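To start, the structure under review is shown below, and the notes come after it.
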Protein chains: 2
Amino acid sequence: MQQTRVRRPRIADVAEAAGVSKAAVSFAFNNPERLKPETADRIRVVASELGYRPHPVARMLSAQRTMTIGVLTPQPLSQVFANPFFAYFAEGVSSVTEEHGFGLLLISPLRGSLTRALDRATVDGVVALGLDENHPEIEAIRRASVPMVLVDAPGWVEHSSVQVDDEAGARAAAEHVVGLGHRDVLIIAVEGPVANPSPDEGPNGGQEIGESVTARRLRGYLSALEPAGLEVGPGSIVVAPATFEGGEAAFLRAWEDGFRPTAVLAMSDALAIGALQASRHLRLRVPRDLSVVGFDDLPIGRFSDPPLTTVHQPVRRKGEEAARLLLDGLGARAGSPAQHRMLKTRLVVRRSTGAPPAGAGREEVGLGE
Amino acid sequence: MQQTRVRRPRIADVAEAAGVSKAAVSFAFNNPERLKPETADRIRVVASELGYRPHPVARMLSAQRTMTIGVLTPQPLSQVFANPFFAYFAEGVSSVTEEHGFGLLLISPLRGSLTRALDRATVDGVVALGLDENHPEIEAIRRASVPMVLVDAPGWVEHSSVQVDDEAGARAAAEHVVGLGHRDVLIIAVEGPVANPSPDEGPNGGQEIGESVTARRLRGYLSALEPAGLEVGPGSIVVAPATFEGGEAAFLRAWEDGFRPTAVLAMSDALAIGALQASRHLRLRVPRDLSVVGFDDLPIGRFSDPPLTTVHQPVRRKGEEAARLLLDGLGARAGSPAQHRMLKTRLVVRRSTGAPPAGAGREEVGLGE
DNA sequence: CGCGTTTACTGAACCGGTTTAGGACCCGAG
DNA sequence: CTCGGGTCCTAAACCGGTTCAGTAAACGCG
């Protein structure tokens with residue numbers, strides 16, 4: 001009974017069985033109007049009896065397009081998915097790719113190399129998330145000359161881009177906190193894939209980190225904190241992966257190091273919610289004892305207790321715009337100029353921020369722990 | 001300057017430029033040991049000068065494999081990503097596919113048809129999430145005979161499966177709540193892609209819903225509630241999409257309909273957290289006035305306030321196991337028997353559940369609103 | 001020097017479709 | 001009867017690689 005691996009029927013098999021040419025079979029599926037209706041029907045019947053399905057790879061090769069677009073991330077997918085941000089971004093991308101009948105391929109480093117992954121990827125174009133100039137393989141990626149839209153990275157001449165005004169958003173967050181009277185603020189930065197490339201671990205590392213999202217947001221924070229005369233010392237910036245756990249651990253670590261902030265500026269909502277949890281462990285009340293500001297404005301921020309003050313960025317729309325730009329570029333004959341979109345951010349004040357506690361300003365407030 | 005669309009160099013171009021055959025070029029990349037070292041080097045130099053990259057689609061066609069696996073979801077991706085559950089599952093899948101050098105393609109219905117999407121998908125195998133017998137295209141999908149591992153669906157003879165003991169988990173949740181003394185419990189079910197196919201809207205719709213996850217969990221709940229003499233009336237089961245917003249809205253809706261539960265059994269953590277938020281709006285204190293139990297045990301459950309009592313299921317591991325099973329099956333010569341894994345669930349009691357309030361049992365407790 | 005073996009490479013078939021140019025046939029008009 | 005035109009279908013080229021069988025030259029060796 002068990003056939004020794006029945007070979008998948010191919011177009012030639014159908015053609016033979018139906019007594020027509022391969023071309024006729026192809027037409028029956030793709031240009032039925034070129035055949036006599038009854039012929040087309042007969043071919044389709046035969047095809048279905050044989051269980052024939054056109055081989056998608058062969059079709060791609062011949063058609064010279066894959067009807068698939070890629071989402072490129074410099075981190076392994078297991079890391080990418082850990083940040084809820086990605087789901088919303090992907091939701092945006094997929095909503096427009098789906099509408100246009102494109103599939104979605106996730107592209108992450110293959111055995112350490114993004115270039116290798118990109119070379120293997122069967123896509124018509126790519127939405128690259130957080131791929132900045134500092135990426136070690138950036139030149140190779142550029143040379144691959146796959147149609148590409150950059151997200152959260154400054155665009156290049158040849159590639160369109162979708163950005164968000166990270167710096168202004170971060171500044172607004174910091175100004176809010178300064179305006180409430182806080183003097184001791186902890187910054188929780190997201191541990192980028194592109195870590196600070198220079199060995200110099202200076203806290204004002206804006207320059208070294210390069211134009212990553214982290215760098216831009218940090219610049220935004222500092223541009224509000226420094227003019228207000230707040231010293232942002234080495235201990236007041238901690239770095240963590242953009243996850244709940246990361247935020248919790250980061251805050252706890254800072255606390256153990258003796259830092260007693262009255263406000264936290266977190267570079268993502270996930271980090272902020274982690275910090276919220278950490279503060280609960282330490283029996284700090286938010287916002288009475290501690291103010292927390294996030295970044296992203298993911299739905300989860302509305303559902304935390306208290307609801308999170310955060311910087312809104314249109315995450316879903318970023319995905320949509322990027323996908324649209326990419327598809328437009330694919331449709332247009334080559335030579336259409338790159339477009340660069342800068343989307344706005346805005347501070348959303350909810351209930352996780354308030355005035356600092358009365359006794360603040362000294363290092364030893366003696367709360368909790 | 002602007003060349004009229006410089007054609008991508010192909011292997012023949014490299015061969016000609018290097019004065020060798022196509023085969024030699026191919027060897028230079030894939031079997032360098034078959035060439036004299038200097039020849040291989042020379043070819044590679046020429047190739048790189050021309051900017052040659054082997055065409056991935058052609059390679060797939062020839063190699064008869066794509067080195068890509070698909071994750072198939074019956075819902076549009078925009079819906080799929082809205083449930084945080086998916087990110088963790090995908091994390092699991094991707095961790096093993098990445099390790100083996102496989103890419104990840106997301107497969108969702110194409111213009112309404114999953115079959116169409118599957119036929120277009122260039123994958124060596126598929127992990128199908130929540131694809132149960134009731135799916136209208138199930139027969140066509142089966143016939144496609146793509147290597148497939150079913151997740152959260154009973155396996156078929158020909159396909160391996162990874163499941164979780166939903167029924168036992170749900171029963172444990174309900175028993176916990178009953179054990180605490182609750183009599184008025186609200187069930188928030190997830191609105192499946194496969195909604196109840198029969199028009200009969202009976203509340204005990206376990207049968208009609210078929211073997212979906214929702215059906216299994218509902219059976220589990222009822223198997224603990226009914227023996228305890230709790231009546232599970234029409235008003236006590238509400239349905240919502242598995243998102244934060246869905247849970248919030250569902251609870252509010254039930255409340256407006258006059259239902260006054262002292263406990264909520266939610267079929268996902270996202271729903272539970274939404275319910276938590278709704279209870280805050282209504283000024284119900286959890287767990288004093290209301291107990292809430294989730295399902296999944298996603299990290300977010302640890303970070304809610306109060307931390308969520310929930311049914312743990314190994315979401316990440318489900319993804320890993322499915323991917324592993326699939327890859328094993330691909331490696332093995334055909335005929336290796338399907339394997340079926342049933343993973344355990346367990347109740348994790350945190351702080352969102354407690355005894356019902358003293359005055360409970362009557363419908364009009366007069367709390368909040 | 002002659003013969004068998006290696007080495008280094010090539011030509012052609014193959015993967016499974018799509019598409020273009022054109023052939024066979026039939027019809028109606030001149 | 002012939003010619004133009006339309007209909008329906010086919011042969012062959014093509015997409016861009018990999019691989020198998022085979023060959024020519026170099027090599028080892030008695």
Side-chain angles (χ1 to χ4, degrees), chain A residues 5-44 46-47 50-68 119-124 144-146, chain B residues 5-44 46-47 50-68 119-124 144-146:
Chain A
R5 185 67 111 175
V6 267
R7 220 175 36 67
R8 169 189 184 130
R10 45 184 171 181
I11 199 167
D13 300 328
V14 179
E16 190 182 10
V20 295
S21 68
K22 294 193 321 177
V25 179
S26 179
F27 288 148
F29 283 89
N30 307 313
N31 297 70
E33 70 281 3
R34 292 196 51 176
L35 297 179
K36 210 175 3 173
E38 58 255 40
T39 311
D41 284 346
R42 182 166 47 88
I43 293 176
R44 275 194 290 258
V46 172
L50 293 181
Y52 169 74
R53 303 177 309 127
H55 195 298
V57 176
R59 200 199 274 263
M60 282 179 180
L61 180 61
S62 182
Q64 294 289 78
R65 43 177 206 159
T66 61
M67 290 304 282
T68 303
D119 282 349
R120 279 207 172 341
T122 54
V123 295
D124 294 333
S145 71
V146 174
Chain B
R5 184 67 107 178
V6 268
R7 221 175 36 67
R8 169 188 185 130
R10 46 184 170 179
I11 200 167
D13 300 328
V14 179
E16 191 182 8
V20 295
S21 68
K22 294 193 322 178
V25 178
S26 180
F27 288 149
F29 283 88
N30 306 314
N31 297 70
E33 70 281 3
R34 292 196 50 175
L35 261 34
K36 215 177 356 175
E38 58 255 39
T39 310
D41 285 346
R42 182 165 48 85
I43 293 176
R44 274 194 290 259
V46 172
L50 293 180
Y52 169 74
R53 302 177 311 126
H55 195 298
V57 176
R59 199 199 275 262
M60 281 181 183
L61 180 60
S62 182
Q64 293 290 75
R65 43 178 208 161
T66 62
M67 291 303 283
T68 304
D119 282 350
R120 278 205 172 345
T122 54
V123 295
D124 293 333
S145 73
V146 174

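Chain naming here is simple, since letters A, B, ... match the order of the sequence lines and numbering starts at 1 in each. This structure is a prediction, so every number in the text was calculated from the model and none was measured.
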Taking any heavy-atom pair under 4.0 Å as a contact, classify [X]: base, sugar-phosphate, or nothing.
X     : answer
B/R65 : nothing
B/V25 : nothing
A/V57 : nothing
B/Y52 : sugar-phosphate
A/A23 : base

- Task: Return the 5'-most residue of the pair B/F27, B/L61 with respect to DNA chain D, ranking by each residue's nearest nucleotide.
- Result: B/L61

In whole angstrom, what separates [X]'s [atom1] from [N]'s [atom2]?
X      : N      : atom1 : atom2 : result
A/M60  : D/dC15 : CE    : P     : 19 Å
A/H55  : D/dG17 : NE2   : P     : 17 Å
B/D119 : C/dG16 : CG    : P     : 16 Å
A/R59  : C/dG16 : CZ    : P     : 15 Å
B/I11  : D/dT18 : CD1   : C1'   : 8 Å
A/F29  : C/dG17 : CZ    : C1'   : 12 Å
B/E38  : C/dA8  : CD    : P     : 9 Å
A/N31  : C/dA21 : CG    : C1'   : 15 Å

- Message: With a 3.5 Å distance limit and no angle check, can you tell me whether A/N30 reaches the backbone of A/F27 through a side-chain donor-acceptor pair?
- Response: no

- Query: Where the side chain of A/R120 meets the backbone of B/P56, is there a donor-acceptor pair that is under 3.5 Å apart?
  - Reply: no

- Would you say the side chain of B/K22 and the base of D/dG17 hold a donor-acceptor pair, judged only by whether the two atoms sit under 3.5 Å apart? yes

When you measure from the side-chain N and O atoms of [X] to the phosphate of [N], is any distance below 4.0 Å, counting only OP1 and OP2?
X     : N      : answer
A/S62 : C/dT19 : no
A/Q64 : D/dG16 : yes
B/T39 : C/dA8  : no

- Message: Please pick, from D/dT18, C/dG17, C/dC9, the nucleotide with the shortest atom-to-atom distance to any side-chain atom of B/S26.
- Response: D/dT18

- Picking from D/dG22, D/dC8, C/dA21, the nucleotide nearest the side-chain atoms of B/R34 would be D/dG22

- Message: Strictly below 4.0 Å, N to O, side chains only: are A/R53 and B/D119 in salt-bridge contact?
- Response: yes

- Task: Please report the shortest heavy-atom distance between B/A15 and B/K22, naming the atom on each side.
- Result: CB-N, 3.7 Å

- Item | Heavy-atom pair with the smallest gap, counting every atom of B/P9 and B/Y52 | O-CD1, 3.4 Å

